[in-house]
Amino acid sequence: MKKHLESLVSEALVRLRDDELPPESLRFVPEVERTRDSRHGDFATNVALRLATLIDRKPRDVAARVAELLPASKFVGRVAVAGPGFINFFLTPAALEAGVAEVVEAGERYGESDSGTGRHILVEYVSANPTGPLHVGHGRHAAYGASVANLLRATGHQVHEEYYVNDTGRQMDILALSVWLRYLEAHGEKVEFPANGYRGDYIRQIAALVTERYTDSLVIPATMVFTELAPARREEDQESHIDALIAAARDKLGPEGFARVLDTALESVLADIRDDLAEFGVRPDQWYSERSLEASGAIDRALARLRDRGKLYEKGGAQWFRATEYGDVKDRVVIRENGKRTYFSSDIAYHLHKRERGNEVLLDILGADHHGYIARVRAGLEAMGEPGTSLEVRLVQFVTLFRGGEKLRMSTRSGEFVTLRDLRREVGNDAARLFYVLRSNDQHLDFDLELAKSRSTENPVYYIQYAHARVCSVFRQLGERGLEWDAGDGRAHLSELEDAREKSLMTALGRYPEVIELAAANRAPHNLVHYLRELANEFHSYYNAVPFIVERAELRNARLMLICASRQVIQNGLSLLGVSAPESM
RNA sequence: GCCCCGGUAGCUCAGGGGAUAGAGCGUCCGCCUCCUAAGCGGAAGGUCGCAGGUUCAAAUCCUGCUCGGGGCACCA
């Protein structure tokens with residue numbers, strides 16, 4: 001409808017252009033928007049206000065002229081010039097009726113558009129280090145990323161969802177060491193577990209898995225590992241202490257032995273993350289291994305590209321990338337003094353490969369604490385000859401858990417409520433998915449567990465789902481009374497829906513495609529949540545005030561058509577958010 | 001010091017160049033003989049952090065300040 005009106009305005013401008021508008025007005029794109037107040041009609045355009053300055057005429061005169069030149073449309077009942085020079089459009093009943101019919105005809109596909117057709121976009125999200133179970137913060141990333149991906153698909157984009165697996169580096173070594181030390185403990189060795197090692201029951205479970213696979217073949221007397229380390233150093237420098245422990249473990253076990261522990265741990269943690277996300281309705285198309293970048297030569301390729309372009313230099317035995325030439329605050333090391341590549345070198349190689357796979361947009365969804373890293377990755381892309389604008393980053397702010405009014409402490413050490421799985425078990429997947437995207441991604445999120453669980457009016461999940469269930473219930477009632485819905489008859493009598501609540505519900509349904517378009521463009525699933533709440537409110541008001549299953553078949557069928565369309569839109573919207581639409585509650 | 005995010009009703013937040021700034025919760029007052037009251041209606045409640053600027057028009061854009069959260073590795 002919005003597009004239809006825009007084309008009418010464009011046509012009017014073309015007519016006006018012939019004699020009254022200067023050539024520069026050719027670039028003028030008309031904007032038609034929903035009005036906030038129904039007294040201003042259904043849609044309005046500000047073209048006259050914007051044109052008036054350009055041609056130095058009174059806005060209201062220009063508006064009147066444009067209104068005169070608008071082509072007739074069966075969907076536009078009245079056009080009015082109002083306020084400082086707005087042109088207001090009042091839709092005909094036929095426009096609203098056609099909208100309702102369109103919902104029912106399009107069904108699950110209602111709201112889809114082709115605005116993004118042909119655009120390949122790679123959405124990378126979560127990408128948590130595989131060193132332990134996902135926590136509640138990752139849950140927000142998962143819910144947000146998956147919903148954005150769904151919105152992009154609904155608007156025609158070619159979407160590829162990816163989880164980048166940091167399966168190499170120091171954190172993995174610490175994981176392996178932690179597991180190995182628990183394994184030694186389980187075999188009767190006395191170990192001093194380092195303070196900065198990974199704690200948590202899952203480490204012991206993985207240790208048990210190591211025993212299952214390799215029996216006691218990886219047992220080394222603990223004294224051999226610990227006695228070589230000066231005890232004083234443990235106190236002073238935990239970091240170098242744990243590095244020394246890793247080196248010792250590697251030395252005693254040999255590279256293969258250490259790799260056995262590490263790979264067992266990696267597989268186990270990754271399987272857990274995969275299951276966790278799958279249960280949450282989040283299924284990335286690809287799990288991209290950081291290790292594979294080394295094996296495939298992608299890192300060499302990226303570094304060569306930088307070197308060929310003269311963007312690398314040597315300093316202090318390390319290789320540096322001239323990131324400052326591309327707006328970063330400092331140059332970045334790509335190859336350390338010790339010859340190892342940095343995480344950053346993997347990262348630009350990864351992003352280069354995203355581009356090499358034909359993606360126009362690289363959408364990274366990152367934690368707010370990663371913002372400092374945007375400039376350097378973008379710098380890397382540009383230095384390699386890729387457009388810096390291809391990288392789009394959305395930061396997700398932190399989540400704070402509350403139980404009632406009380407803030408929950410979320411530290412791994414305290415062992416309190418921290419994992420995504422725990423949260424899902426407590427409040428359910430639907431509430432978790434919806435609560436996570438209730439707020440804008442760049443707003444801190446207060447997640448109240450009690451509210452998410454409450455089966456009451458305060459809980460937006462139930463409020464929206466309840467509207468869906470109520471429609472289903474009406475159709476069940478219909479069957480129980482031995483009646484059937486005649487959709488064709490309903491379509492033919494939509495004009496009987498003259499109640500103000502019916503009009504405003506129809507208007508709300510017509511907005512859905514615009515909401516999807518906007519939410520996708522802004523990467524803002526919370527726009528959709530707010531819309532669904534409003535739609536549910538429109539429906540509940542209607543339900544409360546008007547009986548649907550009435551005597552007269554024509555009116556009954558028409559009303560059922562309207563609530564059927566409402567149910568469809570709620571179902572489609574919830575589906576994009578990964579929330580179920582129950583038939584009864 | 002530099003960078004990112006936020007400051008809008010008592011609370012949690014939408015709106016991010018347009019007309020009289022919205023929602024939920026909370027408070028107060030109403031509505032079940034009726035398709036699910038997990039619902040609906042009404043009322044009260046605002047210096048859109050502060051100060052300048054741009055514009056026909058600023059909560060919205062720009063600059064400065066301020067308060068709160070986060071980040072500034074040869075870690076990943």
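In what follows, chains carry the letters A, B, and so on, assigned in the order in which the sequence lines appear, proteins first and then strands, with residues in each chain numbered from 1. Values below: all heavy atoms of this structure, side chains included; hydrogens, waters and symmetry mates excluded.
Residues R34(A) and K2(A) fail the side-chain proximity criterion, which asks for heavy atoms closer than 4.5 Å. The shortest distance between side-chain heavy atoms of V471(A) and F539(A) falls below 4.5 Å. Side chains of Y350(A) and E162(A) form a contact here, defined as non-hydrogen atoms less than 4.5 Å apart. D347(A) places a side-chain heavy atom less than 4.5 Å from the side chain of Y164(A).
Residue V333(A) has its side chain nearest to rC74(B) when only rC74(B), rA14(B), rC35(B) are considered. Which of rA14(B), rC35(B), rC74(B) sits closest to the side chain of F548(A) comes down to rC35(B). In the set rU12(B), rA59(B), rG39(B), the nucleotide with an atom closest to the side chain of H540(A) is rG39(B). Checking rC56(B), rC40(B), rC35(B) against every side-chain atom of S541(A), the shortest atom distance belongs to rC40(B).
With rounding to whole Å, E484(A) atom CD is found 18 Å from rC35(B) atom C1'. Look at CG on L562(A): it is 15 Å from C1' on rC35(B), rounded to the nearest Å. Look at CG on D243(A): it is 18 Å from P on rA73(B), rounded to the nearest Å. In this structure, OH of Y543(A) is placed 5 Å from C1' of rC35(B), rounded to the nearest angstrom. Distance CG (L434(A)) to P (rA38(B)): 20 Å, rounded to an integer number of Å. Across the protein-nucleic acid pair, E124(A) atom CD and rA76(B) atom C1' stand 13 Å apart, rounded to whole Å. In this structure, H526(A) atom NE2 and rG22(B) atom C1' are separated by 14 Å, rounded to whole Å. A straight line from OH of Y531(A) to P of rC13(B) spans 25 Å, rounded to a whole angstrom.
Each side-chain hydrogen bond (donor to acceptor under 3.5 Å, both in side chains) pair with one or both residues in residues 469-480 of chain A, not counting sequence neighbours, appears once here: Y466(A)-R470(A), R470(A)-H540(A).
The shortest non-hydrogen separation linking N88(A) to A44(A) is OD1-CB, 3.3 Å. The two residues T400(A) and K407(A) come nearest to each other via the heavy atoms CG2-CE, 3.4 Å. Minimum interatomic distance between M172(A) and N166(A) (heavy atoms only, all atoms of both residues): SD-O, 3.5 Å.
Distances shorter than 4.0 Å separate some side-chain N or O of N537(A) from OP1 or OP2 on rC40(B). For Y463(A), a side-chain nitrogen or oxygen approaches OP1 or OP2 of rC40(B) to under 4.0 Å. For R39(A), no side-chain nitrogen or oxygen approaches OP1 or OP2 of rA19(B) to under 4.0 Å. At the phosphate of rC4(B), neither OP1 nor OP2 sits under 4.0 Å from any side-chain N or O atom of H370(A). Phosphate proximity of rA37(B) to R470(A): present, with a side-chain N or O under 4.0 Å from OP1 or OP2. Taking side-chain N and O atoms only, N527(A) has a distance below 4.0 Å to OP1 or OP2 of rG15(B). T53(A) has no side-chain polar atom (N or O) that falls below the 4.0 Å cut-off from OP1 or OP2 of rU55(B). Contact between the side-chain N/O atoms of K330(A) and the OP1/OP2 oxygens of rC3(B) is not found at any separation under 4.0 Å. In terms of phosphate contacts, R336(A) brings a side-chain nitrogen or oxygen within less than 4.0 Å of OP1 or OP2 of rC75(B).
T168(A) comes within contact range of the sugar-phosphate backbone alone, with a heavy-atom separation under 4.0 Å but no base atom that close. At a threshold of 4.0 angstrom between heavy atoms, the contacts of A469(A) include nucleobase atoms, whether or not backbone atoms are also involved. Using a 4.0 Å heavy-atom distance criterion, G85(A) is classed as making no nucleic acid contact. Heavy atoms of V529(A) sit nowhere under 4.0 angstrom from any nucleic acid atom. If you check every strand for non-hydrogen atoms under 4.0 Å, E290(A) touches sugar and phosphate atoms only. Residue contacts for A44(A): at a heavy-atom cut-off of 4.0 Å it reaches a base atom on one of the strands shown. The residue S473(A) sits close to a base: some heavy atom pair falls under 4.0 Å. Within 4.0 Å (heavy atoms only), N88(A) reaches at least one base atom of the nucleic acid.
Because its glycosidic torsion is within 90° of 0, rC32(B) is reported here as syn.
The base of rG39(B) sits with one of its N or O atoms less than 3.5 Å from a complementary donor or acceptor on the side chain of N544(A). Taking 3.5 Å as the limit, the base of rA21(B) and the side chain of D37(A) contain no donor-acceptor pair of atoms between them. Side-chain atoms of N46(A) and base atoms of rG18(B) include a donor and an acceptor less than 3.5 Å apart.
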**Request:** Treat primed atoms plus P, OP1 and OP2 as sugar-phosphate and everything else as base, then score nucleotides 5-10 of chain B 5' to 3': B for base contact with protein heavy atoms under 4.0 Å, S for sugar-phosphate contact only, - for none.
**Result:** SS----
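The aromatic ring centroids of F447(A) and Y436(A) lie less than 6.0 Å from each other.
Between L505(A) atom CG and N537(A) atom CG the span is 10.5 Å, to the nearest 0.5 Å. The line from CG of L395(A) to CG of L366(A) is 6.0 Å long, rounded to the nearest 0.5 Å.
The separation of rC13(B) from rG46(B), taken at their C1' atoms, amounts to 15 Å, rounded to a whole angstrom. For the C1' atoms, the distance linking rG7(B) with rC48(B) amounts to 10 Å, nearest Å. With P as the reference atom, rG22(B) and rG15(B) are 15 Å apart, rounded to whole Å.
In this structure, the aromatic ring of F86(A) is not positioned over the six-membered ring of the base of rG18(B) within 5.5 Å between centres and 30° between planes.
The stretch residues 371-378 of chain A touches RNA chain B through H371(A), each having a heavy atom under 4.0 angstrom from the strand.
The backbone N or O of G83(A) lies less than 3.5 Å from a partner atom in the side chain of R60(A), making a donor-acceptor pair.
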